[in-house]
Amino acid sequence: MTQIEVQGMEKRAYRRYPASRKAYLVVGGEPLRCRLIDIAKGGARIAAPEFAVPPEVLHLVDPARRMVHLTRMVWQGDGQMGLQFIDSSAFTEPLGGAEGAGKVVEMVGPWPKETRGN
């Protein structure tokens, strides 16, 4: 996500939209409940636990939009995290909470190319 600061005004590649809804962050197959704060075409800001060592692969499952996003963390702090979308897919399967979010990521992906099919 490209950011440019001009005279105190932030300019981003994509407009952010407030979301304030439940979502799931799936890390290494383990789903964690989080809160989507805002979302844009290229990424999202979530309220989530901080990681001592940022994982390379994160999936954000957005039940309201029925989307799963392969992401990378671009920043974290104060209980929030900025995610950049790498790839996205829609899903139609019933979610069924955190456990279902993990299953959706397994079924739908998107997975990094080097791990697909494994």
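In this text the structure is predicted, and so the values were computed from the model without any measurement.
Nearest heavy-atom pair, Met67 versus Ala90, reported as atom, atom and distance to 0.1 Å: SD-CA, 3.6 Å. Nearest approach of Val61 to Ala101, heavy atoms of both residues: CG2-O, 4.0 Å. Shortest non-hydrogen contact noted between Met73 and Phe51 is CE-CD1, 3.8 Å. Minimum interatomic distance between Cys34 and Ala48 (heavy atoms only, all atoms of both residues): CB-CB, 4.0 Å.
Proximity of a side-chain donor or acceptor of Ser89 to a complementary backbone N or O of Val68 within less than 3.5 Å is not detected. With Gln80 contributing its side chain and Arg45 its backbone, the two residues share no donor-acceptor pair below 3.5 Å. Looking only at distances, a side-chain donor or acceptor of Glu50 sits under 3.5 Å from a matching main-chain atom of Gly79.
Looking at heavy atoms from C-beta onward, Val26 lies out of side-chain contact with Val104 at the 4.5 angstrom threshold. Proximity of Ile39 to Arg16: side-chain heavy atoms (C-beta onward) are nowhere separated by under 4.5 Å.
Among residues at least two apart or in separate chains, there is no side chain to side chain donor-acceptor pair (under 3.5 Å) pair with a member in residues 23-36. Each salt bridge (Lys or Arg N to Asp or Glu O under 4.0 Å) pair with one or both residues in residues 54-66, not counting sequence neighbours, appears once here: Arg21-Asp62.
Note that the OG1 atom of Thr71 and the CG atom of Leu58 stand 4.5 Å from one another [nearest 0.5 Å].
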